[in-house]
Participant: 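Supplied in structure tokens, the structure appears directly below.
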2 protein chains.
Amino acid sequence: MSVSRFLSLVSCGLLLFAADGLAAPQPKAAWVRGARQRLAKSSKWNSKRQYTQANGSACIETEPADFQAPKDNIWSGLTNWEAASVTKWLFEQGELNLTVSDDAGDWDNSILLVELMVPNKTDVLPYIDGNATAPPRYAHVVLDLRTTEEPTYNDILVGPLPVKNGTTTWQPLEYPYTRKTGGSIRNLDADSTALETDWLLKIGASISDITFDLWGGTATGADNDTLDIWGIDPLWQYDGKITRWDTFWNYPTDDFDAETLLPLGLFFKSDVTGRDPSKWKLEGWLYNDIFYPTTDAFRTAYWDSNFTKLGANVEGDWARSDKIGPVLPMDAASPPQSVAPSGSRYSVDQKAKYVEWMNFSFYISFNRDTGLRLFDIRHKGQRILYELGLEEALAHYAGNDPVQSGTSYLDSYYGFGPYAFELVPGYDCPAYATYMNTSFYVSETTHTHINSVCFFEFDADYPMQRHSQSTYVANTKNIYFTVRSVSTVGNYDYMFSYEFYYDGSIRVEVRASGYIQAAYYAHNHDYGYHIHDSLSGSMHDHVLGYKADFDILGTDNTMELTTNIPVVQSYVWSDHPRNTMKLQRSFVESENNSKLLYTGNGRTQYRVVNTDKPNKYGEYRGYRILPADGTIHLTVENSSNLVDAANWAKYDLMVTKQKDTEPRSAHPYNGQDVYNPVINFDKFFDGESLMQEDLVVWFNLGMHHVPHTGDLPNTVFTTAHSGVQFMPLNYYDTDISHETVNMVRINYNDGNVSNVKTFGQQQAVCSVDLAKQDPDLYSYKGDVVIRKFPYDPNDPYYETDAIV
Amino acid sequence: MSVSRFLSLVSCGLLLFAADGLAAPQPKAAWVRGARQRLAKSSKWNSKRQYTQANGSACIETEPADFQAPKDNIWSGLTNWEAASVTKWLFEQGELNLTVSDDAGDWDNSILLVELMVPNKTDVLPYIDGNATAPPRYAHVVLDLRTTEEPTYNDILVGPLPVKNGTTTWQPLEYPYTRKTGGSIRNLDADSTALETDWLLKIGASISDITFDLWGGTATGADNDTLDIWGIDPLWQYDGKITRWDTFWNYPTDDFDAETLLPLGLFFKSDVTGRDPSKWKLEGWLYNDIFYPTTDAFRTAYWDSNFTKLGANVEGDWARSDKIGPVLPMDAASPPQSVAPSGSRYSVDQKAKYVEWMNFSFYISFNRDTGLRLFDIRHKGQRILYELGLEEALAHYAGNDPVQSGTSYLDSYYGFGPYAFELVPGYDCPAYATYMNTSFYVSETTHTHINSVCFFEFDADYPMQRHSQSTYVANTKNIYFTVRSVSTVGNYDYMFSYEFYYDGSIRVEVRASGYIQAAYYAHNHDYGYHIHDSLSGSMHDHVLGYKADFDILGTDNTMELTTNIPVVQSYVWSDHPRNTMKLQRSFVESENNSKLLYTGNGRTQYRVVNTDKPNKYGEYRGYRILPADGTIHLTVENSSNLVDAANWAKYDLMVTKQKDTEPRSAHPYNGQDVYNPVINFDKFFDGESLMQEDLVVWFNLGMHHVPHTGDLPNTVFTTAHSGVQFMPLNYYDTDISHETVNMVRINYNDGNVSNVKTFGQQQAVCSVDLAKQDPDLYSYKGDVVIRKFPYDPNDPYYETDAIV
């Protein structure tokens with residue numbers, strides 16, 4: 001068994017480590033220094049600090065003020081040097097029997113991931129809130145151990161860092177997981193090479209007569225193949241077997257990433273239990289809703305004159321995202337755009353990845369599994385959230401065919417970090433935004449996505465506040481601050497935005513674009529719309545689970561519910577009982593009742609409060625969680641695909657007591673054993689009190705997506721969106737947005753204005769040269785890679801990962 | 001009875017009318033011509049058409065292209081001349097016994113309203129869709145008939161227009177109403193003057209010893225009064241009596257409109273049945289939740305030493321919207337703003353009030369009751385909506401005191417038109433927006449609110465669409481077009497926006513700001529948060545009812561529901577039944593099942609489709625109604641305040657067959673007789689088939705508002721918002737947003753860009769002089785008024801209505 005095998009390795013990890021020769025080399029390549037310079041906002045793609053000039057003269061750029069994070073960012077990830085030294089050290093641990101990734105085959109051990117182990121919250125608080133030293137740093141390493149008949153993925157810890165002779169050890173990482181198997185879980189992907197060459201393509205070749213007849217092409221492994229074969233995720237795991245369903249897809253015929261629009265409607269089932277492809281079994285074919293138990297049976301039927309052949313999905317302009325049709329009226333004139341005449345009005349410490357905007361501050365973190373996250377979000381110096389970020393994104397499909405029905409992507413398996421590509425200035429973010437690089441480890445290298453997080457201020461198209469009266473009108477601008485990244489995980493582009501507002505509110509938003517994964521249309525009427533020749537828009541739920549670790553005036557917090565309810569009520573002042581309404585206040589008292597579905601008609605306010613620190617009127621200060629932009633939870637009940645792998649998707653809001661042992665609701669390898677996943681979120685709920693405890697709110701965003709013709713070629717962000725707002729509620733004594741100077745009061749009467757009060761705000765009257773903020777899109781880069789083993793920062797190169 | 005009395009007037013209306021002397025004078029005053037000029041976009045507050053210049057040179061303004069609506073706007077309202085001639089004609093109808101408004105007392109008849117009678121849809125279609133002549137024009141007039149013991153409001157029609165000897169008549173207007181009383185309904189406000197002077201202030205004076213002792217002030221009608229008295233709306237109407245509850249409020253002590261934050265907690269009940277104040281009865285007092293049946297009983301208790309005196313609410317900085325506190329970091333630098341380097345990319349025919357943007361076109365209408373509405377909204381020349389606009393806004397309060405409990409404002413009574421004030425450029429709309437004036441009739445004058453509707457394009461802070469792949473990234477800008485007006489009805493500012501997108505979607509949004517109406521805090525814990533010294537944020541539901549008359553490929557339409565449902569399903573390809581999901585499709589078949597509540601978890605798509613015109617794949621083309629931004633319906637069931645006056649507020653979506661006799665879901669005088677309102681919306685539902693009929697969708701926006709300290713001094717738009725999107729669903733064969741040129745495709749590989757495709761889009765590289773778009777806020781005007789009777793357009797004046 002993989003478990004016992006792994007446990008035998010654990011003791012070996014206690015061997016001492018010799019760290020000779022691991023002094024950090026200094027990067028010398030010009031572009032490396034240049035990139036760092038770019039991050040300090042000197043590039044025209046980065047923010048411009050400009051001060052308002054006299055009437056008509058040009059707005060000019062000046063240097064940003066000196067700025068530094070108050071504390072080290074202990075969530076910011078390993079340095080290149082740390083990752084390199086851990087990698088080197090691991091290769092020196094003989095018992096791990098590691099092979100360099102590029103050389104590793106299906107039967108070799110390799111390193112999948114080296115990144116920072118996010119420190120425990122209880123270890124961090126004394127540091128960020130007091131004078132304690134920072135907690136020791138550890139690397140979180142994932143090993144891919146394939147040398148046995150029972151291949152596993154293994155999470156281990158390496159540290160403390162820096163790697164040092166005699167102190168650095170490795171140990172299995174188990175405490176953050178509900179599955180107690182020493183951080184080890186089976187690897188169902190270990191034989192992916194064999195699967196491709198020895199199984200799928202051989203089966204493709206075995207029916208090339210049929211594929212050629214049906215679609216004019218083959219999937220055999222030949223260079224002139226026009227067909228691809230792939231199927232369900234996760235694999236079927238019941239009855240002690242591992243079963244997969246695969247189907248044929250047309251390759252796109254040009255650059256466009258349209259393959260997921262080109263399913264061909266022929267499916268086959270394989271029993272792929274065990275590691276020996278010669279023992280795998282082809283268990284049948286499905287075409288036009290008819291099941292054939294063998295290839296022979298299918299071939300016989302196919303070449304029978306009564307066989308019904310269905311159409312193919314073939315790429316065309318309908319699947320390409322380039323402009324179509326004549327130019328729209330006036331569309332050739334340049335459209336409105338936002339400009340920042342005074343440059344950025346926020347501070348980004350690029351080195352520490354620390355940000356301040358108005359009363360807000362926070363640290364940026366980035367990891368392979370889930371990409372961007374924020375830590376220690378404070379307002380007026382007081383922490384609101386210890387941590388805010390994505391945990392997992394589920395895309396649960398359904399359909400009349402086994403591939404759509406069997407698809408329930410858990411995207412952290414692919415990772416949001418590796419697919420957080422460079423943002424397009426002027427499109428993904430305003431041209432004047434500040435950009436930040438992100439990095440992730442893969443195959444003994446650090447990949448860096450240049451400009452993959454952006455920061456910008458924006459003037460909303462509506463004010464923060466206004467009031468008109470017969471003698472005056474008062475009005476406040478709504479300038480907000482956004483942090484954004486986009487991850488394209490395969491066919492889908494998720495845009496993640498965190499927005500901060502003058503009134504102390506925070507908005508968490510996700511939008512979805514990119515290519516849908518479509519279904520073959522036959523018999524799929526109950527699962528999607530018929531959207532092209534032989535294409536059905538396969539229905540699916542996007543459920544994106546987030547973690548929001550609130551700290552409202554400390555860590556002792558309670559979730560209060562305030563619900564509007566209709567009542568029939570008698571009063572001392574009324575002869576009749578009255579049909580009216582009132583508030584019902586209650587608390588989420590324990591983990592026995594803390595999995596919540598939003599009540600109908602938006603009638604409940606969900607608030608994290610601190611009942612020990614009421615305001616002067618006796619009301620609990622807190623932040624409300626307001627589903628503001630459409631949210632969902634998973635439609636499917638007890639999903640056959642997921643079993644226990646995504647129990648976080650079943651509700652809207654889930655509240656647990658913060659524990660260092662429950663930092664994540666999902667693990668990227670949950671799909672490897674859906675009956676016993678690494679993290680079974682349901683196990684977090686063990687009845688503990690939630691009254692004045694350190695609370696974590698797990699919430700879901702998402703969309704029920706039933707693609708229609710308007711999703712061709714790509715889904716549009718305008719209608720595929722989901723978001724919540726965290727808004728201060730009885731948190732301050734008044735609305736604090738009127739601390740801004742960006743407001744006006746106009747006093748007037750009978751057509752004359754007597755006073756225009758502008759409160760010291762600066763109205764830019766300079767000239768903005770739009771040419772200067774026109775981004776040079778020819779400098780788009782994609783990935784930059786630094787090899788870790790051997791570490792050589794002076795020999796970087798560009799390489800953009802293929803997207804699955 | 002008022003009904004029979006009114007019917008006797010009907011025959012008189014058939015008298016012939018002599019129209020001599022009503023030739024239209026030409027306006028001469030300079031500002032009138034100036035204003036018209038302004039509307040033609042020559043003012044710097046209006047849109048600038050500018051063309052992109054060579055690198056760095058200034059963006060310059062050019063004239064807009066000639067542009068004209070394809071048809072007359074038959075919804076645009078009466079001309080000044082039409083309204084003047086109708087007014088004059090009405091004064092000539094002796095049987096109406098009219099008095100000029102300024103001279104009219106509680107026992108005189110007067111004209112409340114003269115505006116366009118919106119023509120019947122069935123009469124309009126042959127005109128806008130064919131070659132028929134426009135339907136005849138009529139004036140909709142509301143008379144306030146008070147000369148009898150049974151005062152009434154009366155809706156009548158005058159026409160056809162123009163007013164002409166021998167053809168113009170008046171007739172009662174009854175057909176658009178469910179109440180069949182000749183367009184007549186009782187007037188409970190007829191004695192408002194007497195109520196104030198002979199009742200409320202006398203009662204105030206009768207306890208001035210107590211008010212002075214409690215609050216240091218009086219409400220007696222004296223100049224030095226510091227207290228105001230007002231109460232419930234609508235009045236209690238049961239048991240054959242008219243009962244009111246009133247309470248005392250502190251006046252604000254300066255310019256700020258803070259009175260609704262200053263309740264004082266003393267209430268009294270009056271039986272005001274009938275028109276003779278001497279027969280009205282004071283029925284008791286309420287203070288601190290103790291009811292006193294008489295003033296004597298209250299006074300005796302008050303001056304007893306055991307009486308508990310509670311605190312007062314007094315204005316202070318907490319109630320003022322001016323800037324507070326120190327300047328926020330970097331906030332004194334000018335913030336980002338949107339600019340329009342090429343000027344407006346849309347066309348506004350100011351005369352016809354007709355608008356075109358990209359593939360969209362529509363006509364603007366404006367009326368007293370509900371303000372801005374849009375007619376004949378077309379996309380690619382094909383009508384999507386015949387009519388879209390607000391019907392009514394309900395603010396239903398609740399509380400432990402009779403005034404809050406008894407308040408259920410139906411705001412069309414006050415009217416959204418009269419309170420659609422001048423917008424503040426750079427705050428309510430971008431400085432480069434195009435503005436339009438609106439007008440409404442009041443007291444024999446036409447009031448014009450300058451620049452009270454705005455039109456602008458905006459670049460959203462996120463793209464329309466994007467997709468990254470390892471070899472390319474494609475990205476489309478999301479430029480949208482907005483039409484906006486703001487109505488401040490008393491304490492509240494409603495911002496109404498209609499947004500149009502490249503993908504053919506339309507967003508309807510409302511945001512709320514301004515002052516809350518707060519409650520006195522005592523014993524109100526179950527109805528609101530304690531938010532200031534003696535103040536409770538009185539809970540209330542804002543429900544804003546809208547009409548959306550869809551015409552999808554003609555008027556034969558059906559509402560289709562598509563719902564995601566969890567299922568346990570067996571398949572030919574699976575040994576086990578599977579827990580998955582599917583789509584359930586159904587139709588809203590008749591008015592028996594057409595009052596809809598949104599299903600939980602957003603699982604249902606609501607679509608207006610035309611089943612006779614499927615697309616080439618057999619799917620019904622249509623538009624989906626997507627609650628996108630939080631929507632609600634009324635919490636209260638069978639409201640004691642409203643009875644049958646606002647039955648439209650009880651659901652989320654309501655579908656009816658379009659009828660010329662059911663153009664409106666609400667009437668401004670519904671509150672005058674809540675048991676038998678002018679329009680009882682429930683009566684629209686009489687079981688008729690809705691399969692391929694002309695459908696109207698009545699939908700609600702709104703917020704459950706439980707004000708908290710963050711609502712002081714004003715509610716913020718950022719968190720008080722509600723919206724729906726209408727999105728094409730299977731309407732076109734693909735997403736049509738990729739018709740825009742404002743997209744890019746970057747092909748790249750290994751750090752090098754091989755191609756940047758920009759599709760002919762124009763990137764502005766000129767300089768925008770921000771000084772030129774800096775609005776001159778000293779030119780804010782407010783109302784302009786033209787007297788109608790006698791009509792004199794050359795003697796206009798400025799006058800801004802006091803807001804209730």
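Excluded from the calculations below are hydrogen atoms, water molecules and symmetry mates; all remaining heavy atoms, backbone and side chain alike, are included. Every value quoted in this text rests on a predicted model; they were computed, and no experiment measured them.
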Participant: Treating Asp493(A) as the side-chain partner and Ser468(B) as the backbone partner, does any N or O pair qualify as donor plus acceptor under 3.5 Å?
Facilitator: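 Answer holds: yes.
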Participant: Under a 3.5 Å distance rule, please check whether Lys323(A) uses its side chain to pair with a backbone N or O of Val741(B) as donor and acceptor.
Facilitator: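 No.
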Participant: Can you say whether Tyr427(A) sits under 4.5 Å from chain B via the side chain, the backbone, both, or neither, judging by heavy atoms?
Facilitator: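 Both parts, heavy atoms under 4.5 Å.
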Participant: Starting at CG of Asn742(B), measure out to CG of Leu328(A) and round the result to the nearest 0.5 Å.
Facilitator: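 CG of Leu328(A) is found 9.5 Å from CG of Asn742(B).
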Participant: Distance check, rounded to the nearest 0.5 Å: Arg745(A) atom CZ versus Leu777(B) atom CG?
Facilitator: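 It is 13.5 Å, given to the nearest 0.5 Å.
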Participant: Mark yes or no for whether Thr635(B), through its side chain, and Met581(A), through its backbone, hold a donor-acceptor pair below 3.5 Å.
Facilitator: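 No.
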Participant: Of the backbone (N, CA, C, O) and the side chain (C-beta and beyond), which part of Glu356(B) lies under 4.5 Å from a heavy atom of chain A, both, or neither?
Facilitator: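 Neither part.
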Participant: Please answer whether the main-chain N or O of Asn400(B) pairs with a side-chain N or O of Trp573(A) as donor and acceptor at a distance below 3.5 Å.
Facilitator: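 Yes.
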Participant: Do Glu637(B) and Asn579(A) have side-chain heavy atoms sitting under 4.5 Å apart?
Facilitator: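 Glu637(B) does not reach Asn579(A) side chain to side chain.
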Participant: I'd like to know which of Leu583(B), Val636(B), Thr719(B) tops the heavy-atom pair count under 4.5 Å against chain A.
Facilitator: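 So the answer, after comparing Leu583(B), Val636(B), Thr719(B), is Leu583(B).
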Participant: Please identify which of these residues, Asp257(B), Asn714(B), Thr488(B), meets the side-chain hydrogen bond (donor to acceptor under 3.5 Å, both in side chains) condition with His467(A).
Facilitator: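 Only match with His467(A) under side-chain hydrogen bond (donor to acceptor under 3.5 Å, both in side chains): Asp257(B).
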Participant: Measuring only between side-chain heavy atoms, which start at C-beta, is Ser779(B) closer than 4.5 Å to Val753(A)?
Facilitator: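 They are not in contact (no side-chain heavy atoms under 4.5 Å apart), so the answer is no.
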Participant: Go through Ile290(B), Thr482(B), Asp503(B) and name the one with the most non-hydrogen pairs under 4.5 angstrom from chain A.
Facilitator: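 Option with the greatest count: Asp503(B).
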Participant: Which region of Asp289(A), side chain (C-beta onward) or backbone (N, CA, C, O), has a non-hydrogen atom less than 4.5 Å from a non-hydrogen atom of chain B, or is it both or neither?
Facilitator: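 Asp289(A) touches chain B through backbone and side-chain heavy atoms alike.
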Participant: Would you say Ser513(A)'s side chain and Gln465(B)'s backbone share a donor-acceptor pair under 3.5 angstrom?
Facilitator: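 Judged by distance alone, no pair lies under 3.5 Å.
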Participant: When heavy-atom pairs shorter than 4.5 Å are enumerated against chain B, which of Ser737(A), Gly514(A), Gly630(A) gives the highest number?
Facilitator: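 It is Gly514(A).
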Participant: Go through the atoms of Ile479(B) and report whether side chain, backbone, both or neither lie under 4.5 Å from a heavy atom of chain A.
Facilitator: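 Only the side chain of Ile479(B) comes within 4.5 Å of chain A.
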Participant: Check whether Ile632(B) gets within reach of chain A through its side chain, its backbone, both or neither, counting any heavy atom under 4.5 Å.
Facilitator: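 Its backbone and side chain both get close to chain A.
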Participant: Given a strict heavy-atom distance threshold of 4.5 Å, which part of Val744(A) is in contact with chain B: side chain, backbone, both, or neither?
Facilitator: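 Answer is both: backbone and side chain atoms of Val744(A) are under 4.5 Å from chain B.
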Participant: With a 4.5 Å limit on heavy-atom distance, are the side chains of Asn564(A) and Val706(B) in contact?
Facilitator: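 SC-SC contact between Asn564(A) and Val706(B) confirmed.
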Participant: Any idea which of Arg603(B), Arg466(B), Glu457(B) has the most non-hydrogen atom pairs under 4.5 angstrom with chain A?
Facilitator: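 So the answer, after comparing Arg603(B), Arg466(B), Glu457(B), is Arg466(B).
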Participant: Under 4.5 Å between any side-chain heavy atoms of Ser639(A) and Thr580(B), yes or no?
Facilitator: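 Of all side-chain heavy-atom pairs linking Thr580(B) with Ser639(A), none is under 4.5 Å.
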Participant: Non-hydrogen atoms of chain A under 4.5 Å away: do they reach the side chain of Ile565(B), the backbone, both or neither?
Facilitator: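 For Ile565(B), backbone heavy atoms alone lie under 4.5 Å from chain A.
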Participant: Flag the pair Ile531(A) / Asn730(B) as yes when at least one side-chain heavy-atom distance between them is below 4.5 Å, and no otherwise.
Facilitator: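 With C-beta onward as the side chain, the pair touches.
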Participant: Answer with yes or no whether the side chains of Asp322(B) and His738(A) bring together a donor and an acceptor at under 3.5 Å.
Facilitator: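 Judged by distance alone, the side chains do not pair up.
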Participant: With side-chain contact (heavy atoms from CB on, under 4.5 Å) as the test, would you mind laying out the steps for Val768(A) and Val339(B) before giving the verdict?
Facilitator: CA-CA 10 Å; Val768(A) 174; Val339(B) 298; over 6 Å; no
Participant: Are any non-hydrogen side-chain atoms of Gln337(A) and Pro341(B) less than 4.5 angstrom apart?
Facilitator: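 Yes. Closest side-chain heavy atoms under 4.5 Å.
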Participant: Given the options Leu729(A), Asp541(A), Val716(A), Asp733(A), which has more heavy-atom pairs under 4.5 Å with chain B than any of the others?
Facilitator: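 Maximum pair count with chain B is reached by Leu729(A).
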Participant: Out of Gln761(B), Gln605(B), Lys757(B), Lys269(B), which one racks up the most heavy-atom pairs below 4.5 Å with chain A?
Facilitator: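 Most heavy-atom pairs within the cutoff with chain A belong to Gln605(B).
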Participant: When you compare the side chain of Thr734(A) with that of Thr709(B), does any pair of heavy atoms fall below 4.5 Å?
Facilitator: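 Not in contact.
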Participant: Is the ring pair Tyr617(B)/His530(A) parallel, tilted or perpendicular, if the boundaries are 30 and 60 degrees?
Facilitator: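 Rings of Tyr617(B) and His530(A): tilted, 30 to 60°.
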Participant: Pick one of side chain, backbone, both or neither for Pro463(A), based on which atoms fall under 4.5 Å of a heavy atom in chain B.
Facilitator: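 For Pro463(A), the contact with chain B is made by backbone and side chain together.
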Participant: So how far is it from Tyr748(B) OH to Phe421(A) CZ, rounded to the nearest 0.5 Å?
Facilitator: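 Nearest 0.5 Å value for the OH-CZ distance: 5.5 Å.
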Participant: Any donor-acceptor pair under 3.5 Å linking the side chain of Asn601(B) with the backbone of His633(A)?
Facilitator: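 Judged by distance alone, yes, a pair lies under 3.5 Å.
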Participant: Less than 6.0 angstrom from the centroid, inside 45 degrees of the normal: does Arg511(B) satisfy that with respect to the ring of Tyr462(A)?
Facilitator: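 The answer is yes; both the distance and angle limits are met.
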Participant: Looking only at heavy atoms and a cut-off of under 4.5 Å, which of Asp255(B), Asn478(B), Leu626(B) has the most pairs with chain A?
Facilitator: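 Option with the greatest count: Asp255(B).
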Participant: Quick check: does any side chain N or O of Asp735(A) sit under 3.5 Å from a backbone N or O of Leu712(B), one acting as donor and the other as acceptor?
Facilitator: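 No, Asp735(A) side chain to Leu712(B) backbone: no donor-acceptor pair under 3.5 Å.
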Participant: In terms of heavy-atom pairs under 4.5 Å, which option from Lys477(B), His532(B), Met495(B) contacts chain A the most?
Facilitator: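 So the answer, after comparing Lys477(B), His532(B), Met495(B), is His532(B).
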Participant: To check you understand the geometry: which heavy-atom pair defines the closest contact between Leu770(B) and Ala764(A), and what is its length?
Facilitator: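 The pair with the smallest heavy-atom distance is CB-O, 3.4 Å.
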Participant: Which residue out of Phe759(A), Tyr501(A), Tyr732(A) racks up the most heavy-atom pairs below 4.5 Å with chain B?
Facilitator: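 Option with the top pair count is Phe759(A).
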Participant: For Ala474(A), is it the side chain, the backbone, both or neither that has a heavy atom under 4.5 Å from a heavy atom of chain B?
Facilitator: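 It is the side chain, since no backbone atom gets that close.
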Participant: Tell me, for Asn747(A) versus chain B, whether the close heavy atoms (under 4.5 Å) come from the side chain, the backbone, both or neither.
Facilitator: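 Contact with chain B: side chain only.
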Participant: Can you say whether Pro402(B) sits under 4.5 Å from chain A via the side chain, the backbone, both, or neither, judging by heavy atoms?
Facilitator: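 Answer is both: backbone and side chain atoms of Pro402(B) are under 4.5 Å from chain A.
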Participant: At a heavy-atom separation under 4.5 Å, does Leu286(B) approach chain A through its side chain, its backbone, both, or neither?
Facilitator: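 For Leu286(B), the contact with chain A is made by the side chain alone.
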Participant: Answer with side chain, backbone, both or neither: which region of Ser497(A) has an atom nearer than 4.5 Å to a non-hydrogen atom of chain B?
Facilitator: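 Contact with chain B: none, neither part.
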Participant: Where on Tyr571(A) is there a heavy atom nearer than 4.5 Å to chain B: the side chain, the backbone, both, or neither?
Facilitator: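 When you check distances to chain B, only side chain atoms of Tyr571(A) fall under 4.5 Å.
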Participant: Please flag which part of Ile746(A) lies under 4.5 Å from any non-hydrogen atom of chain B: side chain, backbone, both or neither.
Facilitator: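 Interface part for Ile746(A): side chain.
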Participant: Under 4.5 Å heavy-atom distance to chain B, tell me which part of Val473(A) shows up: side chain, backbone, both or neither.
Facilitator: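 For Val473(A), the contact with chain B is made by the side chain alone.
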Participant: Quick check for you: among Ser321(A), Pro336(A), Pro566(A), which has the greatest number of heavy-atom pairs under 4.5 Å with chain B?
Facilitator: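 Highest number of heavy-atom pairs under 4.5 Å: Pro336(A).
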Participant: Side chain of Arg578(B), backbone of Ser640(A): donor and acceptor closer than 3.5 Å?
Facilitator: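 Not confirmed, Arg578(B) side chain does not pair with Ser640(A) backbone.
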Participant: Drop me the distance from Ser334(A)'s OG to Asp459(B)'s CG, to the nearest 0.5 angstrom.
Facilitator: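 Taking OG in Ser334(A) and CG in Asp459(B), the distance rounds to 11.0 Å.
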Participant: Give the ring-plane orientation class for His576(A) versus Tyr238(B), where under 30° counts as parallel, over 60° as perpendicular and anything between as tilted.
Facilitator: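 Because their plane-to-plane angle is over 60°, the rings of His576(A) and Tyr238(B) count as perpendicular.
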Participant: Keeping the roles fixed (side chain from Tyr780(A), backbone from Tyr472(B)), state whether a donor-acceptor pair exists under 3.5 Å.
Facilitator: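 Not confirmed, Tyr780(A) side chain does not pair with Tyr472(B) backbone.
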Participant: So Pro335(A) and Arg345(B), do their side chains get closer than 4.5 Å, heavy atoms only?
Facilitator: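 The answer is yes; the side chains approach within 4.5 Å.
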Participant: Spell out, as yes or no, whether a donor-acceptor pair under 3.5 Å connects the side chain of Gln725(A) to the backbone of Thr718(B).
Facilitator: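 Side chain of Gln725(A) to backbone of Thr718(B), a donor-acceptor pair under 3.5 Å: yes, one is there.
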Participant: Against chain A, label Tyr529(B) side chain, backbone, both or neither, depending on which of its atoms sit under 4.5 Å from a heavy atom there.
Facilitator: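 Backbone plus side chain of Tyr529(B), per the 4.5 Å heavy-atom cut-off to chain A.
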Participant: Considering non-hydrogen atoms only, spot the tightest contact between Met358(A) and Met330(B) and give its length.
Facilitator: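 So the two residues come closest at CE-C, 4.2 Å.
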